[in-house]
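In what follows, chains are A, B, ... by sequence order, proteins preceding strands, each numbered from 1.
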Number of protein chains: 2
Amino acid sequence: MDIVKRGAAALGAIGTVQKKSAATRERVLDAAARIFREHGYAATTLNDIADAAGLKTASLYYHFGSKEELVEEVLRIGTTLVLEAVKSRLAQLPADASFRDRLKVAVHAHLDTLLSLTDYTSADIRIIGQVPADVRARVWPLREEYGEIWQGLLQFGKQTGAVRTGADLGLMRMLILGTLNYATEWYKPGRKPVSAVAEEATAMILGGIGTAP
Amino acid sequence: MDIVKRGAAALGAIGTVQKKSAATRERVLDAAARIFREHGYAATTLNDIADAAGLKTASLYYHFGSKEELVEEVLRIGTTLVLEAVKSRLAQLPADASFRDRLKVAVHAHLDTLLSLTDYTSADIRIIGQVPADVRARVWPLREEYGEIWQGLLQFGKQTGAVRTGADLGLMRMLILGTLNYATEWYKPGRKPVSAVAEEATAMILGGIGTAP
DNA sequence: TCCATTTTCTAACTAACATTAGATAGAAAT
DNA sequence: ATTTCTATCTAATGTTAGTTAGAAAATGGA
């Protein structure tokens, strides 16, 4: 399985032997994630997706009830992938890991997922603002769950004195996630490795860009 | 003129007496900026815009040659407004102003423009990734011009020793602008003033969220 | 007030798009 | 080999969206 296109299969692989419909469904989701990510929801036609998946448009309806159902699934996979990545990387740290180490790991996991491992998460972040409102409402709880991981991390930082006082943690969280998420708009593979971006982002988040005043 | 909807008029006001077509054109652009910002380019129909501007759809063609021409104008106005705001606020500083003060002013001007003064700039930032490629290519030079202001600011910071060494200024710039720009996705007026967001963003950019290690 | 110009409207067009229904082909089970 | 089920296709539908052309209404100047 192609690591760059981790997505549907990573979440729901039945085993080595896969039903034909599951394989096709995965192909469709992969194509959808990529094209939604590039062109947005509204400008992506079902024919674009079908072509990329090697089907005719109407065949998509065997696997998904509607365009909305398809995009909702892409969004769920996208959020789930980054949530699992960050959570699992954090869980691998020793129990006495510092806030700085935890933040570093979370930033790396987030950006790895977003910028190199999968189209789903970047599709999620790029199009969530423009999918139909009912779709967005349905996937919102999952996104909030992901936000809670970061909120918990910042809370830990505050309790251990590693995060400066006086700041609104909610606002801080939004700024941090914004810093990371906007990378989907400008990052181009090839010029710099994701790890370099993650390093610089971590440094900026933790210590800013300035020298001591 | 409504300050919240600064846009076309702010850039091209002829004087107190305005031709009818200029007034209508402005109404159309204002409506377009708002709706493109909310719904994206592809999901916004010309009928949505016409309704909001108080015209019938086909009348838009008297003022703009196409949907593409209309969105291109919105993008230009959006970028121009934030560019002028940041540049003019920086120009008002004393010649010996510190890097910290300059950065603070630039962040405030950027976020003021983006989050409260006009729909155009936030429309620009939210939809630039999804407009037709030829439109994006045509407005790209103007966006680069805006980026150069920030690059110059960071260069100044580096030269004066106010920006830590060893970092790639281009990457730093993208992360900073990303932090600011993503606020269009999450900021909701009413909960917190823009100035509070700008203060926190400035603090994070300059000194990070951490306490001294 | 009249007339030329400007601005908007109506009517129509074409292509595109999401979706449906039934037919067909492929795959699996017996 | 046959039957049943699964998966995809073809053909069609209805709606919508961007656009065009000409008619009608509004505006402004003399």
Note to self: Using side chain to side chain contact (heavy atoms under 4.5 Å, CB included), reason through B:Phe99 and A:Ile209 one step at a time and then give a plain yes or no.
What the structure shows: CA-CA 11 Å; B:Phe99 170 72; A:Ile209 64 169; 4.0 Å; yes
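Listed pair B:Ser21 / C:dT7 meets the phosphate criterion, a side-chain N or O lying under 4.0 Å from OP1 or OP2. Side-chain N/O atoms of B:Ser59 include one lying less than 4.0 angstrom from OP1 or OP2 on C:dC9. An OP1 or OP2 oxygen of C:dT6 is reached within less than 4.0 angstrom by no side-chain nitrogen or oxygen of B:His63.
B:Tyr62 places its OH atom 17 Å from the P atom of D:dA21, with the value rounded to the nearest Å. Going from atom CZ of A:Phe64 over to atom C1' of C:dT19 covers 16 Å, rounded to whole Å. One atom, CD1 of A:Ile49, and another, P of C:dT19, lie 11 Å apart when rounded to the nearest Å. Summarising the geometry, the separation between CG on A:Leu70 and P on C:dT19 is reported as 10 Å, rounded to the nearest angstrom. As rounded to whole Å, 10 Å separates atom P of C:dT19 from atom CD of A:Glu69.
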Checklist line | Letter per nucleotide, 5' to 3', of nucleotides 13-19 of chain D [B base touched, S only sugar-phosphate touched, - untouched; heavy atoms, 4.0 Å] | finding: ----SSB
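Side-chain proximity of B:Lys56 to the nucleotides D:dT27, C:dT10, D:dT10 is greatest for C:dT10.
The shortest distance between side-chain heavy atoms of B:Val82 and B:Tyr120 does not fall below 4.5 Å.
Under a 4.0 Å N-O distance rule, the pair A:Asp134/A:Arg138 qualifies as a salt bridge.
Counting heavy-atom neighbours within 6.0 Å of A:Lys67 NZ, excluding the residue itself, gives a total above 12.
Using a 30° and 60° split on the angle between ring planes, A:His110 and A:Trp150 fall in the perpendicular class, above 60°.
Side chain to side chain, B:Thr45 and B:Asp48 meet the donor-acceptor criterion of an N or O pair below 3.5 Å.
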